[in-house]
Structures are given as structure tokens and as C-alpha cells.
Amino acid sequence: MATQTKTAPVSAAEKLLAPDVPPAPSVPVSQPYLHGLTASWPIAQDLTGSNSPCRLEGEIADLVIHGIVPSAIAGTFYRVMCDPFIPPHPQNVPLDGDGHISAFRFHNGRVDMKLRYVETERYILERRANKALFGLYRNPFTHHPCVRAAIDSTANTNLVFWADKLLALKEGGLPYAVDPHTLDTQGYDPFGSQVKSKTFTAHPKVDPFTDELVVFGYEATGLATQDIATYTLDKQGRKIEELWVKSPWCAPIHDCVITENWLVMVAWPFESNIERLRAKKQHWAWNYDLNAIFIVVPRRQSTILPKGWKKGESRYYEWKNCMNIHCGGAWEGQHGKIYLETTRVHDNAFPFFPPDDGRMPSPETKADFVRWQLDLTSPNGSSIPDPEVVLDMPCEFPRIDERFMTKKHNIVFLDVFLPERSDSGKNIFQGLNALAMHDHRTGKTRFFYAGDDSLVQEPIFIPRTKDAEEGDGWIIAMVERKLENRCDLVVIDTQEFEKPVAVVSLPFHLRTQIHGNWIDAEDLEKLEGQDDFVRRYAEVRISGRGALEPL
């Protein structure tokens with residue numbers, strides 16, 4: 001979060017390719033109406049204009065809807081924002097704001113909204129102190145001495161429902177459990193001491209065929225360690241598999257894929273070490289001498305291993321220096337092959353974690369969506385072939401119909417950038433302004449354009465029925481209306497992808513989400529408190545004291 005007093009040049013990578021960070025607006029040189037008065041908030045690109053902190057908690061029943069929300073859509077869209085409540089350390093990065101949940105409950109064609117912060121240990125400590133106590137991202141050596149032993153997770157990256165718990169996730173710590181109806185924070189580490197890992201991925205994967213949650217945690221034994229815990233939780237949250245492996249170096253592993261028998265963790269070419277942290281530097285530094293790697297781990301002790309593998313072994317495979325940010329689906333092929341799809345940036349997509357020499361990514365940095373092939377019969381450390389390019393355009397946040405997780409899938413949804421405006425002009429790239437629905441069978445891609453001066457966020461998919469054809473259902477996504485400083489939810493029928501069937505209008509602006517997920521009403525109705533999402537009123541008996549007599 002480098003401070004500045006005037007607009008600075010922003011590379012293409014800074015503007016788009018950091019997917020977990022809102023697009024950076026210009027910071028005005030001056031604001032005359034403030035008459036020179038300053039605030040305690042740092043002047044920073046991620047805290048200004050449409051990226052200003054939201055900091056609002058509350059609820060709105062029955063949001064304004066244009067069009068008709070299909071009554072078959074019943075459940076809640078949970079999204080989490082990176083939204084600092086207290087002015088942060090001026091040199092901190094945009095990934096470290098407090099986790100702020102916005103939940104949208106769809107019922108009978110209506111939509112209610114609720115906003116609550118995840119009340120982490122860090123959030124409560126800073127709220128009580130009314131000032132920042134925590135320094136740089138995942139570096140306790142920069143925190144105030146009184147909180148160096150505190151949990152510094154902000155629980156701001158993802159929300160996943162498992163074992164009847166809504167989990168607020170940040171990969172530098174363990175989950176916080178949140179009540180899915182009231183959004184009250186219930187506690188830290190809801191699965192207890194079953195696994196000794198100190199971390200839990202923000203992207204665990206649900207196997208819909210076995211009802212298992214596949215989890216990993218990197219830096220699992222402490223800061224800058226190479227230890228990775230991989231394990232599986234059953235539907236009740238009980239550990240049923242566990243295998244610890246080593247990373248080739250201390251690398252960030254943000255996302256993963258699962259197949260029927262394998263977990264593949266996708267690591268980025270940043271690095272960390274304890275000397276860097278003790279020197280009070282940023283946790284990560286990009287390294288152009290490192291490659292992108294794929295760490296392959298058997299999901300079960302009973303997994304049949306390829307020839308040459310030993311029990312308890314993992315292997316990694318590498319490509320060139322690039323950043324495979326988020327994953328789509330994956331599946332197993334013949335002869336020990338695994339296929340997986342990711343978004344790819346050909347440089348450092350997080351320029352706030354530069355290399356030690358300070359190099360910034362090229363303004364011409366390319367991004368695309370690709371399919372990788374891993375050959376598990378190859379030796380550990382082998383290089384893999386160039387991937388197949390599926391979409392040759394800036395894109396991020398791929399989602400599949402997750403009923404088909406672990407199997408070869410046909411449909412993928414993504415955020416993309418379209419240059420054409422509705423007035424036949426051209427958009428200047430400042431973020432992702434459209435949704436794409438790509439069919440692998442036909443190679444055809446359909447687009448929904450969010451509108452001029454609008455940016456679209458990560459989509460979620462809802463099947464039309466439990467046994468609907470793959471990709472048949474609805475997409476819901478948040479859209480930022482930049483000129484109006486406001487947001488909408490768009491509801492899109494995948495049978496007519498190019499336009500929404502409903503637009504749910506918010507009366508104000510919300511921060512860009514990092515990730516979010518959909519939970520069906522039937523899963524939530526099993527839990528107490530269904531009527532506590534927004535305020536409900538008891539039946540009113542007419543008093544008879546109004547201006548007119550009763551009829």
C-alpha cells in the first residue's frame with residue numbers, strides 16, 4: 001500500500017492482473033473541498049475513490065429488483081471483502097484488510113442483504129485500541145509488541161460451508177467459524193487439534209462424489225517453513241486422511257485442484273525466509289529465477305501410485321516463471337496424466353511484492369486461461385510442456401459447475417475484459433468488465449458485458465435442478481458501477497447468457513470481494529436461526545386509533 005500524493009503510472013499487471021485486489025484508481029492530486037484538511041487514513045490506491053473502505057454493518061430487507069428473480073433460486077450468496085476498519089500501516093499491502101462479509105439471501109423471488117465483519121482476534125484488538133496494532137502482511141516482527149503473539153489472520157479471502165459451519169478463510173491462519181444466519185463470529189479453529197498445521201488454505205475443494213473436503217496448509221509449522229499439511233475432512237468435519245510434504249522452497253500456494261485420486265497444489269514464484277521477516281520486510285518477494293510449480297500429492301493412503309512412486313511421496317513439476325493465479329477444473333487421463341486449467345499471468349501479478357532488485361512487471365504483461373498436462377510417470381522436478389491456450393484474453397476467477405469437480409468438465413465461467421463499448425467505442429483496460437461462458441466441446445465462448453464503466457467480480461453458479469445438465473442454471477455476480485459509485489447483483493440464465501433476467505440494485509457501493517460461494521436453502525434450513533437473517537416483525541393488531549374509523 002505504497003503512499004503517494006499524486007497519480008503514479010500503473011502497469012497493466014497492476015491494473016488487472018492482481019485478481020485478489022480491487023483495480024487501482026487514480027489518486028487525485030488535490031481535493032479543494034477538503035480545504036487542505038487530512039485524515040488518519042493513508043493516501044493509497046486501494047483506499048481511494050471507488051476502493052474507499054466500506055466499514056458498514058447492517059441489513060436491508062427486500063432489495064430493489066429490476067426484472068424477476070426466478071423463485072427456484074433459493075439460498076444465500078456469501079462474499080467476503082478485504083475492508084480495513086482501522087487505518088492500516090501505510091506500507092501494508094492491499095491483501096490484508098479485515099474480512100467483511102456481505103450475504104444475499106434469495107427467497108421467493110426476493111433478496112435480503114446483511115453485512116458483518118468477521119470478529120477476528122486482530123479485528124477486536126484494533127477496534128478496542130482504535131488504532132492499527134498490526135504491521136505488514138504476515139510479518140509479526142512489524143506488529144506492536146503487545147500483539148506479536150496474537151492471531152493476525154483477517155479471515156478475508158473466502159467463505160466455505162462445511163460440516164454445518166460457515167468458514168471464513170485466510171491462508172495465513174486457521175478458519176474462523178461464522179453463524180450463517182446472524183453472521184456472528186463463533187470462534188477460531190473449529191476443527192480443533194486433529195491436524196497440527198498452523199494454516200488452512202482459502203481454497204479447500206469439495207469432492208461431490210465422496211462428500212469430502214480436501215484441505216492443505218502451507219508454512220504449516222510456522223513462518224517461512226517449507227512444510228505443507230494435506231488432509232481430508234469428512235461431512236462431520238472429522239479428519240480421515242493426512243499426509244505432510246515439503247515444498248521445494250517457501251512459496252505461496254493460493255489455489256489447488258483435485259481429481260479422483262490426486263491433489264495438485266499450484267505454487268507461485270515468490271519466496272520468503274525468516275531473515276527477510278526479521279528485517280521487517282514484506283513476507284514475499286518475486287524471484288525471476290524461480291519457476292511456477294505444481295505439487296502433486298496422493299489424496300489417500302490407498303491411492304494406486306504410478307510406477308516409481310513410493311508410499312508417502314509427493315512430486316513437483318515446473319514450467320517457466322509465471323503466475324498461475326486461480327484454478328478451474330481438473331481430471332485424470334490415461335497413462336498417469338493429469339489435466340488442469342488455470343488463469344496465467346506471464347509476470348508478477350502482485351507488484352506490491354517486488355523482487356529484491358525492485359523490478360516492476362512489464363506494462364505489456366499478457367494474461368490468459370490455459371490447460372496444463374502433468375505426466376506423473378516423469379521424475380520429480382521435471383519440466384512440463386507448454387499449456388494449451390483455452391482463452392487468449394485477460395481473464396480471472398474461473399468457476400465450474402462444481403457437481404462435476406474431479407471429472408472432465410465441459411463448461412467454465414470466468415471474468416474477462418472486452419474492449420468494445422456499447423456505443424461502438426473502445427474501453428481502455430482498467431479491469432474485468434464481462435463474464436464469459438466457455439464450452440470446451442464446441443470451443444464457443446458466450447459473453448455477458450457488464451456495461452460501460454462497470455466492472456464484474458467473481459461469479460457463482462447455481463444448477464437449475466440437482467440433476468440438470470452441466471452448466472444449466474444461473475450465474476450471479478456483483479457488478480461495480482464506477483460512475484454511480486454503487487453496486488448491483490446480476491442474475492443470468494445460462495440458457496440466454498448475454499443478458500440478465502434480474503438486476504438486484506444496492507443503494508451504495510461495496511468493496512470488491514476476494515471470493516464467495518453459494519449455499520442452498522435446504523442446507524441452511526437445517527440450522528437454527530433461519531429467521532434471524534434480517535429483522536422480522538410480529539403480527540400487528542390494528543389499534544383503531546387512526547384518522548378514520550374501521551370499515
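Nothing fancy with the numbering, it's 1 onward along the sequence.
No side-chain donor from either of Arg105 and His107 sits under 3.5 Å from a side-chain acceptor of the other. Side-chain N/O atoms of Asn158 and Arg79 include no donor and acceptor closer than 3.5 Å. Side-chain contact annotation: His283 with Glu219, donor-acceptor N/O pair under 3.5 Å present. Inspection of the Gln457 and Asp415 side chains reveals no N or O donor paired with an N or O acceptor under 3.5 Å. A donor-acceptor contact closer than 3.5 angstrom links the side chains of Thr465 and Asp467. Side-chain atoms of His89 and Asp96 form no donor-acceptor pair, as typed in the model, at a separation below 3.5 Å. Of the N and O atoms on the side chains of Asn348 and Trp268, not one donor lies less than 3.5 Å from an acceptor on the other residue. Between the side chains of His409 and Asp401, not a single donor N or O lies within less than 3.5 Å of an accepting N or O. No side-chain N or O of Asn139 forms a donor-acceptor pair with one of Thr142 less than 3.5 Å apart.
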Does His254 form a side chain to side chain donor-acceptor pair (under 3.5 Å) with Glu171? I'd like the steps, not just the answer. CA-CA 7 Å; His254 180 64; Glu171 62 198 53; 2.7 Å; yes
Would you sort out whether Glu522 and Lys466 count as a salt bridge (charged side-chain N to carboxylate O under 4.0 Å, His left out), showing the intermediate values? CA-CA 12 Å; Glu522 64 180 55; Lys466 288 185 176 180; 3.0 Å; yes
Go through the steps to decide whether Lys170 and Thr120 satisfy the test side chain to side chain contact (heavy atoms under 4.5 Å, CB included), and finish with yes or no. CA-CA 11 Å; Lys170 177 86 169 178; Thr120 63; over 6 Å; no
Could you check Trp372 against Thr342 for side chain to side chain donor-acceptor pair (under 3.5 Å), going step by step and ending with a plain yes or no? CA-CA 8 Å; Trp372 303 92; Thr342 73; 3.0 Å; yes
Going through the distances and angles, do Asp347 and Tyr288 end up as a side chain to side chain donor-acceptor pair (under 3.5 Å)? CA-CA 9 Å; Asp347 206 329; Tyr288 283 101; 2.7 Å; yes
Run Ser378 and Tyr317 through side chain to side chain contact (heavy atoms under 4.5 Å, CB included) and show every step you take. CA-CA 9 Å; Ser378 297; Tyr317 302 97; 3.8 Å; yes
Taking it one step at a time, do Met437 and Ile411 satisfy side chain to side chain contact (heavy atoms under 4.5 Å, CB included)? CA-CA 7 Å; Met437 177 179 176; Ile411 304 295; 4.1 Å; yes
Test log, rule ring pair (Phe, Tyr, Trp, His ring centres under 6.0 Å), inputs His515 and Phe397: CA-CA 9 Å; His515 293 292; Phe397 299 112; 5.6 Å; yes
Between Asp375 and His335, is the side chain to side chain donor-acceptor pair (under 3.5 Å) condition met? List the steps. CA-CA 8 Å; Asp375 183 352; His335 310 299; over 6 Å; no
What verdict does the side chain to side chain contact (heavy atoms under 4.5 Å, CB included) test give for Leu435 and Ile475, after you've listed the backbone C-alpha separation in whole Å, the side-chain angles of each residue and the deciding distance to 0.1 Å? CA-CA 9 Å; Leu435 293 166; Ile475 286 289; 4.0 Å; yes
Derivation and outcome, ring pair (Phe, Tyr, Trp, His ring centres under 6.0 Å), residues Tyr316 and Phe294: CA-CA 5 Å; Tyr316 77 91; Phe294 304 85; over 10 Å; no
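Heavy-atom contacts from other residues, nucleotides or ligands closer than 6.0 Å to NZ of Lys196 number 12 or fewer. Remark: Lys281 NZ is loosely packed, at most 12 non-hydrogen atoms of other residues, nucleotides or ligands lying under 6.0 Å away. Around NZ of Lys408, the count of heavy atoms belonging to other residues, nucleotides or ligands within 6.0 Å does not exceed 12. The environment of Glu469 atom CD is sparse: at most 12 non-hydrogen atoms of other residues, nucleotides or ligands sit within 6.0 angstrom. For CD of Gln301, the number of neighbouring non-hydrogen atoms (other residues, nucleotides, ligands) closer than 6.0 Å is 12 at most. Under a cut-off of 6.0 angstrom, the local environment of NZ in Lys198 is sparse, with at most 12 non-hydrogen atoms contributed by other residues, nucleotides or ligands.
Using a 30° and 60° split on the angle between ring planes, Phe200 and Tyr231 fall in the perpendicular class, above 60°. Relative ring orientation between Trp331 and Tyr339 is described as parallel, the plane-to-plane angle staying below 30° on a 0-90° scale split at 30° and 60°.
A salt bridge links Arg116 and Asp184; the closest N-O separation between the charged side-chain nitrogens and carboxylate oxygens is under 4.0 Å.
Taking the ring axis of Tyr176 as reference, the NZ or CZ atom of Lys165 does not stay both within 45° of it and closer than 6.0 Å to the ring centre.
The distance from the CD atom of Glu242 to the CG atom of Leu233 is 10.0 Å, given to the nearest 0.5 Å. Separation of atoms CG (Asn261) and OG (Ser302) is listed at 8.0 Å; rounding is to 0.5 Å. In this structure, the separation between NZ on Lys311 and CG on Leu305 is 7.5 Å, given to the nearest 0.5 Å. Rounded to the nearest 0.5 Å, atoms CG (Asp255) and CG (Asn324) are 10.5 Å apart. Taken to the nearest 0.5 Å, the OG1 atom of Thr494 stands 10.5 Å off from the CD atom of Glu470. Expressed to the nearest 0.5 Å, how far CG of Leu95 lies from CG of Asn156 amounts to 7.5 Å.
Just one of Phe106, Tyr78, Phe77 meets the ring pair (Phe, Tyr, Trp, His ring centres under 6.0 Å) condition when paired with Trp518; it is Phe106. Arg299 pairs with exactly one of Glu260, Glu241, Glu212 by the salt bridge (charged side-chain N to carboxylate O under 4.0 Å, His left out) rule, that one being Glu212.
Proximity of Ile400 to Met405: side-chain heavy atoms (C-beta onward) are separated by under 4.5 Å at one or more points. Two residues are said to be in side-chain contact when any heavy atoms from C-beta on lie closer than 4.5 Å; Asp112 and Phe104 fail this criterion. Annotation: side chain of Leu391 is not in contact with side chain of Asp368 (no heavy-atom distance under 4.5 Å). With a 4.5 Å cut-off on side-chain heavy atoms, Ser102 and Met81 count as touching. With a 4.5 Å cut-off on side-chain heavy atoms, His100 and Cys54 count as touching. Considering only heavy atoms from C-beta on, Phe350 stays 4.5 Å or farther from Trp286 through its side chain. For the pair Lys337 and Leu374, the minimum side-chain heavy-atom distance is 4.5 Å or more. Residues Trp244 and Asp227 meet the side-chain proximity criterion, which asks for heavy atoms closer than 4.5 Å.
Centroid-to-centroid, the aromatic rings of Trp309 and Trp262 come within less than 6.0 Å.
Checked by atom type and distance alone, the side chain of Asp234 pairs as donor or acceptor with a backbone atom of Arg238 at under 3.5 Å.
What you find for Phe161 and Pro180 is that their closest heavy atoms are CE1-CG, 4.4 Å.
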